[in-house]
Each structure stands twice: as structure tokens, then as C-alpha cells.
2 protein chains.
Amino acid sequence: MITNKNCIIRLSRYKNALYRLQALGFVKVFSDNLADAVGGTASQVRKDFSIFGISGNKKGGYQIDSLLEKLNSILGKDQLQKVIVVGAGHIGSALMRYRGFEKEGIKIVAGFDIDPAKINRSNPTPVLPLEEIKAFVKTNNIRIAILAVPDIAAQQAADMICAAGIKGILNFAPLGLKGAEGCIINNVNVEIELENLIYFVNVTEKTKKA
Amino acid sequence: MITNKNCIIRLSRYKNALYRLQALGFVKVFSDNLADAVGGTASQVRKDFSIFGISGNKKGGYQIDSLLEKLNSILGKDQLQKVIVVGAGHIGSALMRYRGFEKEGIKIVAGFDIDPAKINRSNPTPVLPLEEIKAFVKTNNIRIAILAVPDIAAQQAADMICAAGIKGILNFAPLGLKGAEGCIINNVNVEIELENLIYFVNVTEKTKKA
DNA sequence: ATGTTATTGTGAAAAATGGAACAATATGAT
DNA sequence: ATCATATTGTTCCATTTTTCACAATAACAT
Ligand SMILES: NC(=O)c1ccc[n+]([C@@H]2O[C@H](COP(=O)([O-])OP(=O)(O)OC[C@H]3O[C@@H](n4cnc5c(N)ncnc54)[C@H](O)[C@@H]3O)[C@@H](O)[C@H]2O)c1
Ligand SMILES: NC(=O)c1ccc[n+]([C@@H]2O[C@H](COP(=O)([O-])OP(=O)(O)OC[C@H]3O[C@@H](n4cnc5c(N)ncnc54)[C@H](O)[C@@H]3O)[C@@H](O)[C@H]2O)c1
């Protein structure tokens with residue numbers, strides 16, 4: 001089984017680049033075009049494809065549409081992915097209003113919040129009370145949740161979400177959460193990303209001076 | 001030079017865990033405490049420290065306050081980091097209102113937008129017209145920018161930011177940008193993070209069934 | 001038809017990363 | 001004072017990831 005997160009991220013990048021190339025009228029692509037597009041090497045593109053049994057044509061490169069089909073299938077994009085948001089505050093509601101997920105076949109179908117003032121059943125994306133989450137997840141067969149509650153509530157909310165049957169959490173709170181057995185947690189940690197960027201800017205600055 | 005992004009991210013995690021431990025009244029810590037706290041191995045904690053010449057005491061572990069000092073210095077947290085936001089839309093203004101950066105010594109000092117309607121000089125964090133960005137960056141010695149403009153404008157905005165003298169960009173647009181020489185670009189790509197999560201949820205589900 | 005060329009697919013080499021093991025040693029117990 | 005113990009720092013080893021290199025071969029040119 002493939003456990004290499006970076007490899008899967010590269011597949012997503014290839015897919016995105018392919019859509020752009022397709023929009024530009026291209027119908028086939030070579031490994032080094034893709035490498036350029038995503039900032040990698042041609043070898044790695046071919047190796048990545050080879051891992052998943054994707055093959056192209058000697059001297060002919062890859063047919064973009066069939067390649068996209070295969071990547072989309074690997075990435076689970078052959079069906080609409082329904083996602084919920086837990087915590088309808090600043091970040092949560094920005095995400096619920098964001099239209100960019102649609103083109104990716106991802107749909108935020110509801111938000112949940114502990115604060116009665118945030119409840120709104122008539123929104124395009126309704127915001128529902130926490131108590132309904134378990135039933136909603138079951139009825140609508142939801143597997144993925146975005147967690148956007150205050151830091152202090154994050155672990156507790158994660159436990160609750162896991163108990164409701166969610167299988168994957170994208171966590172925006174800047175702390176590590178323990179997921180229940182069988183629930184995967186990925187983190188989007190803007191603080192750490194900034195810190196990281198600052199570090200690398202600092203070191204390149206220092207080494208340039210030296 | 002250290003080029004391992006994961007290693008630096010771990011340093012950030014150690015630092016965050018140390019603050020939590022400190023708040024709980026601990027004054028020293030062992031490598032395996034930290035390993036537990038961030039979900040790694042004790043070996044790796046010690047190795048990470050060793051890379052940066054951080055040493056503890058045989059049988060005595062590490063003094064939390066001095067350890068924090070060293071980590072903070074490595075991570076550039078011994079001085080306030082001033083950051084600007086380019087694109088004061090949904091994400092951009094959520095970030096500008098977000099108070100979580102302060103405790104990390106990161107301050108968003110201004111936003112910039114192309115839309116005159118977004119300009120507001122009397123905000124706690126002012127939003128200024130694009131034309132002023134170059135002068136602002138120079139005067140205030142800004143090195144880091146968060147990029148939150150629409151996808152279509154992202155590359156152009158990145159070029160402009162680089163030209164203005166910015167050294168590091170945290171890009172929220174879901175596409176790869178080419179940075180000018182001497183400007184580092186890191187990406188926060190929520191779509192790809194979700195896709196990734198969906199992939200891993202799918203494969204673990206499949207392998208469990210088999 | 002034949003030869004030339006461009007590009008893939010992959011096996012082998014290299015580099016990077018992570019983990020285990022253990023000698024060195026400071027601390028605390030007897 | 002001596003010993004036992006716990007923990008670091010670092011070396012060595014295993015694994016993972018990336019890159020290299022090239023044989024295989026499909027497309028194209030002559
Ligand atoms: N706002 C940002 O720009 C930003 C940036 C980076 C990280 N974050 C992180 O994202 C998280 C959310 O930040 P925010 O600014 O949106 O906060 P917020 O306070 O605006 O929103 C949090 C929402 O969660 C709800 N909530 C609280 N406890 C809950 C629970 N147990 N279950 C369900 N809902 C609950 C609150 O009612 C509120 O609506 C925080 O962890 C924050 O650190 C935010
Ligand atoms: N909103 C979300 O939840 C979300 C989630 C993931 C990714 N993103 C990405 O973040 C980026 C911003 O999204 P958003 O929802 O905040 O968009 P938005 O349309 O709300 O805001 C974009 C802002 O950028 C300004 N702008 C446009 N061109 C500019 C330029 N050249 N220079 C400076 N400012 C300019 C616009 O005036 C607007 O205020 C997009 O790339 C989007 O794909 C957003």
C-alpha cells in the first residue's frame with residue numbers, strides 16, 4: 001500500500017496541472033512537461049505513475065484525458081465527496097462560502113456549531129446544532145469533517161466527531177490531536193507554516209551574507 | 001545547512017508542546033516526554049536537538065526555559081515578525097482578524113488590495129492600496145507576505161510582491177507559483193489537503209475490508 | 001522498408017530520513 | 001564512597017525517497 005503522503009500530493013498537483021493544460025488545448029503531455037508544471041523531475045513523474053500502474057506511450061507521452069481519468073479515480077474524485085464543517089466561526093464560515101471546492105468535486109453539505117446563534121437551517125449550506133451531527137453523519141454517509149473550533153475545544157470536538165462515525169478530519173486548530181482508532185487526522189497549521197517560512201527565509205539570508 | 005522541512009516543523013511542535021508543559025508547571029522535560037507530546041520517537045527528538053547543538057543533561061533531561069529560548073532563537077522568534085497580507089477578501093480578512101498569531105510573535109501589520117472598496121486606513125490592521133506596497137515593504141522592512149488573492153491573479157501578484165522586496169510568500173491560492181530568485185514560496189492548499197485525506201480514508205477503508 | 005529519434009518504464013545507485021542501540025555520564029540511592 | 005539507574009548524544013543501521021541511466025520501443029523521416 002502507498003503510504004507516502006508526498007507522492008499523493010504530487011498526484012493532486014499533476015491532476016491540477018493537467019486540467020490547466022487541457023484548458024489550454026493540449027491533448028497529450030510528456031513527463032517533463034508535467035515536471036516543469038509542478039516543479040519536479042521527469043523521472044519522478046514517471047515513477048509516480050508507474051507505482052499506480054499508469055502507462056503512457058513510448059515517444060507519444062500521455063493522453064491527457066485518460067491520464068486525468070486514472071488520477072481522478074485514484075484520488076477518489078469519481079464521486080462527489082460530501083464534507084461537513086464543525087465550528088462555524090471565522091474560518092469555518094469562510095470555508096462554507098468558498099466556491100473553490102466545487103470544481104474539485106468536494107461539497108460542504110453542512111456546518112455544525114455549539115452556539116445557538118450560529119444555527120441557520122435556511123443557509124445555502126445550513127448550520128445545524130451539534131446534537132444532530134451523529135444522525136446527520138449516519139444518514140448522509142459522511143466520512144470527512146473539517147474541524148474549525150477554538151483550540152481549547154478541538155480535542156473534545158475531535159473525539160465527538162470520531163464517535164459520530166467520521167473517518168477523516170482536517171484540523172485547523174494549531175495543536176496536535178489524538179484521533180480515535182480508525183480516524184485519520186491531517187492538520188492545516190498556518191502558524192507553523194509561517195514559522196517554517198520565516199526560518200527558511202532567515203537561513204537563506206544568513207548563508208547569502210556569509 | 002538544514003534543508004529538511006519536516007525537521008523544522010518538528011522544532012515548532014516541540015516548542016508548542018514545551019509551552020503547554022511549562023504552563024502545567026513542569027520545569028524540565030525528557031526526550032521521551034516530548035516524543036509523546038508530538039507523536040514521534042525519543043531518538044528523533046534528541047537527534048533534532050543535536051543537529052542544532054542543543055544539549056541537555058545526562059539523567060537530568062532538558063531545562064524547559066533554556067530549551068525554549070534556544071528553539072525560539074532558531075525559529076526566529078526572538079524578534080517580532082511583521083507580515084503583510086495581499087488580498088483582503090474572505091481568507092485575507094479572516095487572517096487579519098485572527099488573534100492567534102500574536103502569541104507566536106507574528107504580527108500582520110497591513111493588508112493590501114487592488115479593490116478601492118477594500119481600502120481602510122483606520123482599521124486595527126489597515127488595508128492599503130497595492131500601489132503603496134513597495135514603499136511600505138521597504139520602510140517597514142517586511143520580509144514575509146501572505147498571498148490571498150483569487151487564483152487567476154496569484155502569479156501576477158506573486159511577481160509584484162517579489163519585486164517589492166518580499167523574501168517569503170505563504171500562498172493560499174491552489175496552484176503552484178513560480179517565485180523570483182531569492183523568494184521562497186510555501187503553499188497552504190486546502191483542496192489538496194482534503195484530497196489527500198480522502199485518499200487515505202479510502203485506502204484504509206479498502207484495506208480493512210480486504 | 002529502414003533508420004533515426006524521442007520518450008517511456010524500470011532496475012540500480014544514491015541520497016535523505018528515521019530509528020535502534022549503546023557507550024558515556026550525571027544523578028540519586030545505599 | 002560505591003553502586004545502580006536513568007537519560008543523553010551519537011554512531012550505526014534500516015528504510016524510504018529520489019535520481020540516474022539505459023534498454024525497449026513507438027512514431028516519424030527518408
Ligand atoms: N481565523 C483564522 O484566520 C485562523 C487562522 C489559523 C488557525 N485558525 C484556527 O482555526 C480555529 C477556528 O478559528 P476561528 O477564528 O474560526 O474561531 P471562531 O471563534 O471564529 O469560531 C469558532 C466557532 O466554533 C464554535 N464552537 C466552539 N466550541 C465548539 C464545539 N465544541 N463544537 C462545535 N463548535 C464549537 C464557536 O461557536 C464558533 O462559532 C482555531 O483553532 C484557530 O486557532 C484560525
Ligand atoms: N475562502 C476560502 O475559504 C478559501 C479556501 C481555500 C483557498 N482559498 C484561496 O484563497 C484565495 C483567496 O480566496 P478568497 O475566498 O479570500 O477570495 P476573495 O475573492 O474573497 O478575495 C480576494 C481579494 O483579493 C483582491 N485582489 C484581486 N486581485 C488582486 C491583486 N492583483 N492584488 C491584490 N489584491 C487583489 C480582491 O479585491 C479581493 O479582495 C483564492 O486563491 C482561493 O482559491 C480560499
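In the text below, chain A, chain B and the rest are named by the order of the sequence lines, each starting its count at 1.
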Asker: Decide side-chain contact (heavy atoms from CB on, under 4.5 Å) for Phe49(A) and Leu34(A); before the verdict, give the C-alpha distance in whole Å, the side-chain angles of both, and the deciding distance to 0.1 Å.
Answerer: CA-CA 12 Å; Phe49(A) 288 174; Leu34(A) 270 176; 3.8 Å; yes
Asker: Return each pair, listed once, that meets salt bridge (Lys or Arg N to Asp or Glu O under 4.0 Å) where at least one residue sits in residues 1-10 of chain A; pairs must be two or more places apart or across chains.
Answerer: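 Sorted pair list: Lys5(A)-Glu193(B), Arg10(A)-Asp48(A).
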Asker: Can you check whether Ser50(A) has a side-chain N or O nearer than 4.0 Å to OP1 or OP2 of dT10(C)?
Answerer: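 Yes, such a contact exists.
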Asker: Are side-chain heavy atoms of Ile161(A) and Ile84(A) found at a separation under 4.5 Å?
Answerer: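 Heavy-atom side-chain distance check fails, nothing below 4.5 Å.
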Asker: Got a donor-acceptor contact below 3.5 angstrom from the Lys103(A) side chain to the Gly100(A) backbone?
Answerer: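 Yes, Lys103(A) side chain to Gly100(A) backbone: donor-acceptor pair under 3.5 Å.
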Asker: How would you label the contact of Phe49(A) with the nucleic acid (heavy atoms, under 4.0 Å): base, sugar-phosphate, or nothing?
Answerer: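 Here Phe49(A) touches no strand at all.
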Asker: Do Phe52(A) and Ile8(A) have side chains that get closer than 4.5 Å, going by heavy atoms?
Answerer: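 Side chain of Phe52(A) against side chain of Ile8(A), heavy atoms only: contact under 4.5 Å found.
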Asker: Does atom CD of Gln156(A) have more than 12 heavy-atom neighbours from other groups under 6.0 Å away?
Answerer: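 No, CD of Gln156(A) has 12 or fewer neighbouring heavy atoms, counting only those of other groups under 6.0 Å.
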Asker: For residues 30-44 of chain A, pull every pair meeting side chain to side chain donor-acceptor pair (under 3.5 Å), keeping only residues two or more places apart or in separate chains.
Answerer: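 Listed by first then second residue: Ser31(A)-Arg46(A).
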Asker: Hey, does the side chain of Lys15(A) reach the backbone of Asn72(A) with a donor-acceptor pair shorter than 3.5 angstrom?
Answerer: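 No; zero donor-acceptor contacts below 3.5 Å.
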Asker: Between which nucleotides of DNA chain D, read 5' to 3', does contact with chain A run, using atoms under 4.0 Å from its heavy atoms?
Answerer: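 From 5' to 3', the first and last contacting nucleotides are dT17(D) to dA27(D).
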Asker: Pick out the pairs of N or O atoms, protein on one side and nucleotides 25-30 of chain C on the other, that lie under 3.5 Å.
Answerer:
{"from": "dT27(C)", "atom 1": "O2", "to": "Lys59(B)", "atom 2": "NZ", "distance (Å)": "2.9"}

Asker: Return the set of residues passing ring pair (Phe, Tyr, Trp, His ring centres under 6.0 Å) with Phe101(A) (not counting sequence neighbours), or none when no residue passes.
Answerer: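 Checked Phe101(A) against ring pair (Phe, Tyr, Trp, His ring centres under 6.0 Å); matches are Tyr98(A).
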Asker: Between atom CG of Leu177(A) and atom CG of Asn187(A), what is the distance when rounded to the nearest 0.5 Å?
Answerer: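 The CG atom of Leu177(A) sits 6.5 Å away from the CG atom of Asn187(A).
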Asker: At under 4.0 Å between heavy atoms, how does the protein contact nucleotides 13-21 of chain C? Give one character per nucleotide, 5' to 3', with B, S or -.
Answerer: ----SBBBB
